[in-house]
Amino acid sequence: MSKVSFTSRRAPVHHYVLAVILGAILTIAVALLVGASNPGDFWPAAGIGALCAAYPAMSLGTRVFVSRHTVTRDQHGEQSVELQWMRQAGAGAFLDVLVATIVAAVVLAVGRFQIEALPVLLGLVALSALDAGLRYLAVRHRALK
């Protein structure tokens, strides 16, 4: 992840058109997939899928076709302090989640507990996000003291 700076340059008009076309194609594809997975309520499901997919699809189209004309990469962005803080937080959170996973696996194996996998996996995802966020705040706080 590198820092970017925005300039007043503009992309050619056809790149904006291509971005919208890609976004529309992706939005329609997601809407059809969501609708097909709910055949009883095809149109409401497809509409909800389209609403959820429109912004990310258009953003991807903009990223692919427009940003290389309008965004200038910082040559030293990889050396930013914030990126170093994020790397430290991510490394610490990884170890915490790894240890939590091992402990949970041992407890489940020894106790012969049977639980659904989905809540456990969602809990691990939540733990990793919360842990990384808290570690980032702690690293940032110590650095800015």
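These numbers come from a predicted model, not from an experiment. If you read the sequence from its start, that first residue is 1, and numbering goes on from there.
Distance check: R140 CZ to R142 CZ gives 13.5 Å after rounding to the nearest 0.5 Å. Note: H141 NE2 to K145 NZ = 4.5 Å, rounded to the nearest 0.5 Å. To the nearest 0.5 Å, the span separating CG on L22 from OG1 on T27 amounts to 9.0 Å. Note that CZ of R135 and CG of L130 are 11.5 Å apart. Values are rounded to the nearest 0.5 Å. Rounding to the nearest 0.5 Å places CZ of F42 at 5.0 Å from CG of L32. Atoms CZ and OG, on R87 and S80 in that order, are 8.0 Å from each other to the nearest 0.5 Å.
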For the pair T101 and L124, evaluate side-chain contact (heavy atoms from CB on, under 4.5 Å) and give the outcome as yes or no after the intermediate values. CA-CA 8 Å; T101 303; L124 286 173; 3.5 Å; yes

As a quick check of understanding, evaluate side-chain contact (heavy atoms from CB on, under 4.5 Å) for V125 and L121, giving each step before the final call. CA-CA 6 Å; V125 169; L121 293 175; 5.6 Å; no

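Residues A45 and N38 come closest through the heavy atom pair CB-ND2, 3.6 Å. Taking every heavy atom of both residues into account, A19 and V66 meet most closely at CB-CG2, 4.2 Å. Residues W85 and V139 share a closest heavy-atom pair of CD1-CG1, 3.4 Å. Of all non-hydrogen atoms in Q84 and Q79, the two that sit nearest each other are NE2-O, 3.8 Å. Taking each heavy atom of G92 and D131 in turn, the nearest pair found is O-OD2, 4.4 Å. Counting all heavy atoms, side chain and backbone alike, A132 lies closest to A89 at O-CB, 3.6 Å.
Criterion: ILVMFWY side-chain heavy atoms under 4.5 Å apart, direct or through other members. Under it, L127 and L98 are not part of a common hydrophobic cluster. V106 and V99 fall into different hydrophobic clusters, where Ile, Leu, Val, Met, Phe, Trp and Tyr side chains are chained together by heavy-atom contacts under 4.5 Å. A continuous path of hydrophobic side-chain contacts links L108 to V103 [ILVMFWY only; heavy atoms under 4.5 Å]. With hydrophobic clusters built from ILVMFWY side chains whose heavy atoms lie under 4.5 angstrom apart, V120 does not share a cluster with I102. Placement of L60 and I28 in two distinct hydrophobic clusters is found when ILVMFWY residues are connected by side-chain heavy-atom separations under 4.5 Å, directly or transitively.
The list of ring-ring contact (aromatic ring centres under 6.0 Å, His included) pairs with a residue in residues 11-30, not counting sequence neighbours, reads H15-H69.
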